[in-house]
Amino acid sequence: MGGVISQESSLAENGLLKRLAGKESIVDNDPFWNQLFSFNLKIDDNDSRLAAHIESSVADLLQSLMHNTSTTGNVASLIRVFLRRAEQLRESEQYENKIFLWQCANSLIVLRYICAFLTQRMSEAEFLKTFDKGEEKKAESDDSSSDSERGEEEVIYESTAEQFLHSLIEIIIELPVTDYTMDVQMEAVRCIITLLSTQLYRDSIQTEATVFGYLLKGVCSSRCIDLSRALLHNYLHHNTEYRRGTTGQKQPESIVFGLAASMWSVMQLVTGGEETEEETEKRPPASLGSLSALLLLTLACHPLPEGRLNPVKDALQHFLNAQEVSSLNVAMRTFKMDYSVLYERLCATVRQEPPMLLLYLLLHRNSGFRNYVLSRINLENLVIPVVRCLFDSTKGMVPSGSSSSHSSPHPPPSQHHTYLSLIVILILSEDDFFCKLIHETMVSGVEWAEPDRPLGEISLGGLISLVFIRAIHRNTLKTRDRYLHTNCLAALANMSSCFKNLAPIVCQRLIGLLEAMTKRHQKLVEHLRNAAEETTKKEEETVNYHEEITVLEEGIRTALEIVNAAMAGGCLRHNPNLIYTLLYHRSLFDSFSHHPMFQDLMVNIGLVISHFSSKILDEKSGDGSAVLARIEKEALIWPTDRLKKFPELKFRYVEDDNTVDFFVPYIWRLVVEQSTVHFDPSRIRLFEATRSH
């Protein structure tokens with residue numbers, strides 16, 4: 001059989017791989033291919049160090065293949081062999097031809113390693129040419145055949161690369177997912193990700209990338225709706241941790257399989273021994289569902305030239321609920337998915353980054369799914385984990401003061417994850433029913449939100465407010481991220497007119513935020529005055545003071561508007577704790593009455609403080625319970641028409657024009673971290689280039 005590998009040998013010494021990489025052309029029907037695909041690769045894909053070691057061990061062979069394939073055409077031959085086998089996959093699955101399926105998965109593993117190596121070292125055009133080498137004679141032969149011999153349904157491909165991509169898509173869409181096809185399915189998704197990865201090695205975002213063009217506007221585009229449905233279905237239903245060769249496959253009682261396994265058993269050959277747990281670097285466990293989500297998001301976030309529609313993003317925008325019968329005539333072709341299953345899956349996984357990005361895309365673009373989410377009576381199942389992401393990010397770590405029962409197994413969210421969690425709540429807060437419902441929904445078991453004191457039961461709206469106020473407070477004192485600052489205030493403002501029975505801790509944090517911003521504002525004004533007096537101060541430093549003062553003044557004004565909204569329209573009688581807190585901190589508001597930017601907002605606050613201060617004069621000093629009881633009584637008979645009316649606070653999320661600079665590097669970073677495909681970090685240029693923009 002040739003090229004036998006023992007456990008002590010190295011991949012670099014394997015005769016089969018040497019022949020593939022050598023200067024000898026290998027024809028499509030050579031028995032060599034059966035031998036090449038007959039290996040039992042027992043390697044943990046979740047071990048990034050081992051993956052890097054494998055790639056380095058075959059680097060010289062892959063280098064030789066890259067140089068020789070232009071004359072031998074062996075990469076193109078390998079592609080053609082796979083394409084022939086792919087046509088028989090469905091039949092092999094039906095008859096449970098385990099050996100054929102196993103060899104097909106192995107062929108994709110070989111192709112993935114080759115494609116990963118070539119995409120890192122060649123331009124996209126040069127890389128795609130390797131697929132077509134040796135096709136010239138085939139094309140001449142095809143031209144000589146009569147048109148009548150061609151099938152009526154023959155698909156005309158622009159290149160072999162497009163045909164290969166189409167074949168991978170057909171596998172994902174048409175091949176049923178079973179224990180025996182799982183390896184093929186996983187490798188099909190990984191191969192597509194690898195083909196698209198040319199983006200990683202470019203300095204800028206590629207709107208004209210050829211492989212993306214095949215997918216989103218070529219022959220493959222006609223399958224984008226079905227591909228989107230299949231990938232989304234995988235995310236919902238195929239989430240068992242995947243390890244190659246352990247997805248239900250039993251060693252078939254076949255001497256052919258046994259010989260093959262003994263030939264290519266490489267559990268230890270790469271490293272020369274068994275790995276200890278301390279020596280490995282584990283990625284997050286992969287599943288077909290997690291890989292499918294990454295591919296779906298990669299396609300949906302990819303920009304096309306201006307004026308061209310991304311069919312995957314469009315499919316996500318328009319797919320319907322399978323549990324509803326719509327009476328509307330849908331003009332466009334779309335697909336259906338059970339919203340309830342999708343909702344439950346998102347609730348369970350939204351603290352992971354890819355599901356949070358998927359949730360954002362669906363809420364922002366798919367009005368049907370957004371309306372479904374807003375109509376849920378168990379909204380807390382989705383909202384609490386989203387809010388927890390924002391909480392953990394502003395803390396920088398899992399709360400150390402909380403008990404083990406409340407500790408989080410999740411790492412601190414990235415900045416992108418933080419922004420997405422914030423935007424998700426902002427989008428939801430645009431809906432009036434959502435804002436009312438969250439203040440009527442009581443939740444418990446959220447001690448993580450206030451680890452230093454018992455929180456007990458709190459309304460969902462109170463929890464959201466508590467976390468958002470805390471995020472703004474910490475941002476004001478530390479990171480000073482204007483985007484986070486503005487959007488957190490916007491979400492609070494959207495909810496403020498529905499504030500109801502706010503817990504004492506929420507009211508204290510709200511007024512405490514106002515106090516912190518005021519102190520920061522006063523400090524900066526003092527710095528600015530000192531800077532104006534010192535001629536040696538740099539002009540840039542003065543400008544920075546001006547900018548931060550402006551941001552703080554906008555924040556203070558929005559916070560005062562939030563307080564006004566919480567008192568207007570009958571809300572005052574439902575928020576006695578807010579009145580109590582205003583009275584306790586009444587001195588804070590004296591300075592606002594003399595500031596031209598805040599004077600108009602102090603009219604109502606001044607009236608409330610003045611009125612209720614006069615009503616509690618008879619109460620015993622220090623008796624907080626008696627004071628609060630009197631406030632509750634007086635609030636019920638307070639004539640609300642005495643308060644000045646302000647325009648309703650409503651902010652809407654609008655996606656920026658340059659969102660591709662946010663989403664494309666972000667999704668590729670997730671692919672690098674979580675796809676279990678090894679990408680050489682030293683060759684990646686996308687992240688540094690986009691960070692400098």
Side-chain angles (χ1 to χ4, degrees), residues 347 350-351 378-410 412-413 421 425 435 437-478 488 491-492 495-496 498-516 559 562-563 566 571 574-585 588 619-632 635:
C347 289
V350 75
R351 291 187 66 189
N378 60 345
L379 256 176
E380 67 275 11
N381 291 353
L382 181 68
V383 171
I384 290 177
V386 172
V387 171
R388 180 67 186 270
C389 288
L390 182 61
F391 175 86
D392 286 346
S393 68
T394 54
K395 193 172 184 65
M397 59 179 67
V398 177
S400 57
S402 57
S403 64
S404 59
S405 61
H406 302 302
S407 63
S408 169
H410 301 271
S421 63
I425 298 298
C435 294
L437 181 64
I438 58 175
H439 288 286
E440 296 171 358
T441 303
M442 303 305 293
V443 296
S444 57
V446 289
E447 288 79 4
W448 49 264
E450 275 293 329
D452 298 329
R453 65 173 71 186
L455 192 59
E457 192 175 54
I458 188 173
S459 71
L460 183 58
L463 175 66
I464 297 171
S465 302
L466 191 61
V467 172
F468 272 57
I469 291 168
R470 181 180 175 281
I472 301 167
H473 196 154
R474 285 180 172 261
N475 184 66
T476 299
L477 299 177
K478 294 183 178 180
C488 278
L492 281 174
M495 297 183 288
S496 59
C498 296
F499 280 172
K500 185 177 181 181
N501 298 323
L502 288 178
I505 184 63
V506 179
C507 300
Q508 292 164 19
R509 293 287 185 259
L510 177 59
I511 304 305
L513 170 63
L514 196 53
E515 187 175 24
I562 289 169
V563 173
C571 290
H574 297 299
N575 288 300
N577 289 317
L578 179 59
I579 301 172
Y580 184 97
T581 309
L582 289 174
L583 297 180
Y584 190 83
H585 293 274
L588 171 66
E619 300 301 330
K620 183 179 178 181
S621 177
D623 189 348
S625 299
V627 171
L628 184 60
R630 185 61 182 270
I631 289 173
E632 290 175 346

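Everything numeric here is computed off the predicted structure, so don't read it as measured data.
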Which pair of heavy atoms, one from [X] and one from [Y], lies closest together, and at what distance?
X    : Y    : answer
V350 : C389 : O-SG, 4.3 Å
Y580 : I631 : CA-CD1, 3.8 Å
R453 : I505 : NH1-CD1, 3.2 Å
H439 : M495 : NE2-O, 4.1 Å

To the nearest 0.5 Å, how far apart are [atom1] in [X] and [atom2] in [Y]?
X    : Y    : atom1 : atom2 : answer
I438 : I464 : CD1   : CD1   : 4.0 Å
E380 : S444 : CD    : OG    : 10.0 Å
L578 : C571 : CG    : SG    : 10.0 Å
F391 : E450 : CZ    : CD    : 7.5 Å
C498 : E440 : SG    : CD    : 9.0 Å
L582 : I579 : CG    : CD1   : 7.5 Å

Would you indicate whether the side-chain heavy atoms of [Y] and [X] approach each other to under 4.5 Å?
X    : Y    : value
I384 : L460 : yes
R388 : R351 : yes
V506 : I458 : yes
P576 : L628 : yes

Return yes if some donor-acceptor pair links the side-chain N/O of [X] with the main-chain N/O of [Y] below 3.5 Å, else return no.
X    : Y    : result
N575 : F499 : yes
S393 : L390 : yes
N577 : L502 : yes

Identify the residue among L513, L510, L463, L492 that makes a side chain to side chain contact (heavy atoms under 4.5 Å, CB included) with F468.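 For F468, the side chain to side chain contact (heavy atoms under 4.5 Å, CB included) check succeeds only for L492.
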
Stepwise, does the side chain to side chain contact (heavy atoms under 4.5 Å, CB included) test hold for V446 with V387? CA-CA 11 Å; V446 289; V387 171; over 6 Å; no

